[in-house]
Amino acid sequence: DYVLNVESGRPGDGVVVSRPGTGVLEITVKGLAAHASAPQAGINAADELAHYILSLKQLEDKQKGTILTTRIIESGIENRTKSVVPNHAAGLVRVGAFSVQELDRVLNGANALAEKPHIPGAEIRVQFKLDFPAFPETEETARLAALAQSIYSGLDLELQTAIATG
């Protein structure tokens with residue numbers, strides 16, 4: 001029993017046989033506001049978010065196709081015209097991985113990093129929202145693609161296979 005999803009076809013009669021699971025890490029950092037002339041009296045949430053995201057990026061494994069893309073960073077917007085150390089920061093990081101195990105590895109790493117902020121007193125919260133589950137290439141997928149290719153060939157057409165990158 002098989003299903004073909006033609007939603008993500010490719011030009012020139014291509015069919016996707018694998019794609020990464022993708023989702024978004026929603027990150028919030030709580031700090032402590034202080035006057036910008038005395039930043040040591042506060043906990044800079046923007047700085048902590050920057051440290052966290054740079055550490056998070058170390059969890060990438062491009063050889064396995066595991067990619068983390070920083071999408072949004074915001075902090076200090078409510079105090080744009082004031083000289084204040086921001087007490088709140090938020091960010092979104094897209095995660096893409098070709099296996100559930102890789103997604104789990106990244107999420108476990110993200111949670112471990114959140115437990116050890118770079119700036120003492122900062123609080124980091126991380127939530128993951130899965131957009132698409134991983135669709136790894138399997139023997140069953142290869143057999144289904146071969147069947148589809150043989151049907152195409154009977155129509156004097158050539159069906160290409162592709163791996164989607166996200």
Side-chain angles (χ1 to χ4, degrees), residues 1-31 45-75 77 88-119 122-166:
D1 299 10
Y2 300 98
V3 173
L4 279 176
N5 179 351
V6 296
E7 164 266 333
S8 60
R10 294 293 181 258
D13 289 337
V15 63
V16 173
V17 294
S18 178
R19 65 157 292 157
T22 57
V24 175
L25 279 171
E26 296 179 350
I27 307 154
T28 56
V29 177
K30 181 180 175 190
D47 286 352
E48 181 59 43
L49 180 60
H51 283 289
Y52 178 82
I53 289 175
L54 289 174
S55 296
L56 187 66
K57 294 281 287 175
Q58 299 303 309
L59 297 172
E60 279 188 328
D61 187 337
K62 291 182 181 174
Q63 294 213 345
K64 290 184 179 178
T66 303
I67 299 172
L68 283 74
T69 305
T70 305
R71 293 186 41 222
I72 298 172
I73 296 176
E74 46 187 27
S75 181
I77 294 170
H88 177 267
L92 294 178
V93 175
R94 180 191 179 275
V95 179
F98 279 93
S99 71
V100 172
Q101 294 80 7
E102 269 299 284
L103 279 175
D104 286 345
R105 181 187 66 79
V106 170
L107 298 181
N108 289 335
N111 287 324
L113 288 169
E115 292 174 10
K116 299 177 184 175
H118 182 80
I119 301 172
E123 296 176 20
I124 304 169
R125 291 195 178 88
V126 180
Q127 184 176 2
F128 181 72
K129 293 188 176 177
L130 184 68
D131 293 325
F132 296 99
F135 171 36
E137 192 169 8
T138 64
E139 289 180 20
E140 290 84 2
T141 305
R143 281 198 299 274
L144 181 58
L147 175 61
Q149 286 172 323
S150 71
I151 293 168
Y152 252 64
S153 133
L155 300 171
D156 291 327
L157 297 170
E158 184 178 350
L159 179 66
Q160 302 295 319
T161 60
I163 296 175
T165 57

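What you see below is based on every heavy atom in this structure, not just the backbone, and it leaves out hydrogens, waters and symmetry mates. Throughout, numbering of the chain's residues begins at 1 and tracks the sequence. Worth saying up front: this structure is predicted, and the values here are computed from it rather than measured.
Under a 3.5 Å cut-off, the side chain of Arg94 and the backbone N or O of Ile67 do not form any donor-acceptor pair. With hydrogens and angles ignored, the 3.5 Å screen pairs a side-chain donor or acceptor of Glu60 with a backbone N or O of Leu68. Remark: the backbone N or O of His51 is paired with a side-chain donor or acceptor of Ser55 at under 3.5 angstrom. Side-chain atoms of Lys64 do not come within 3.5 Å of backbone N or O of Phe98 as any donor-acceptor pair. A donor-acceptor pair under 3.5 Å is formed between the side chain of Ser18 and the backbone N or O of Phe135.
The two residues Leu56 and Ala110 have their closest heavy-atom pair at CD1-CB, 3.7 Å. For the residue pair Gly91 and Leu49, the shortest heavy atom distance occurs at N-CD2, 4.0 Å. Residues Pro20 and Gly96 share a closest heavy-atom pair of CB-C, 4.3 Å. Taking all atoms of both residues into account, the shortest heavy-atom contact from Thr66 to Leu59 is CG2-O, 4.4 Å. The heavy-atom pair separating Ala122 from Pro117 by the smallest distance is O-CG, 3.1 Å. Shortest non-hydrogen contact noted between Ala45 and Lys30 is CB-C, 4.5 Å.
Separating the CG atom in Leu113 from the CD atom in Gln58 is a distance of 9.5 Å, to the nearest 0.5 Å. In this structure, CG on Leu92 lies 7.5 Å from CD1 on Ile27, to the nearest 0.5 angstrom. In this structure, the separation between CG on Asn111 and CD on Gln127 is 10.5 Å, given to the nearest 0.5 Å.
Contact of the Asp61 side chain with the Arg105 side chain is registered, since non-hydrogen atoms from C-beta on lie closer than 4.5 Å.
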Exercise. Given Val29 and Tyr52, is the side chain to side chain contact (heavy atoms under 4.5 Å, CB included) satisfied, shown in steps?
Worked result: CA-CA 9 Å; Val29 177; Tyr52 178 82; 5.6 Å; no
Problem set entry | Step-by-step side chain to side chain contact (heavy atoms under 4.5 Å, CB included) determination, Gln160 to Val15 | CA-CA 6 Å; Gln160 302 295 319; Val15 63; over 6 Å; no
Exercise. Given the rule in the side chain to side chain contact (heavy atoms under 4.5 Å, CB included) test, do Thr70 and Lys57 qualify, once you have shown the distances and angles that lead to the verdict?
Worked result: CA-CA 9 Å; Thr70 305; Lys57 294 281 287 175; 4.2 Å; yes
For this session: Would you check, one step at a time, whether the test side chain to side chain contact (heavy atoms under 4.5 Å, CB included) holds for Leu130 with Leu103?
Result: CA-CA 10 Å; Leu130 184 68; Leu103 279 175; 4.1 Å; yes
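Qualifying side chain to side chain contact (heavy atoms under 4.5 Å, CB included) partners for Ala90, counting only residues two or more places apart in sequence or in other chains: Thr28, Glu74, His88.
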Hey, can you pull the donor-acceptor pairs under 3.5 Å for the side chains in residues 144-154, sequence neighbours left out?
unit_1 : atom_1 : unit_2 : atom_2 : d
Gln149 : NE2    : Leu159 : O      : 3.0
Ser150 : OG     : Leu147 : O      : 2.7

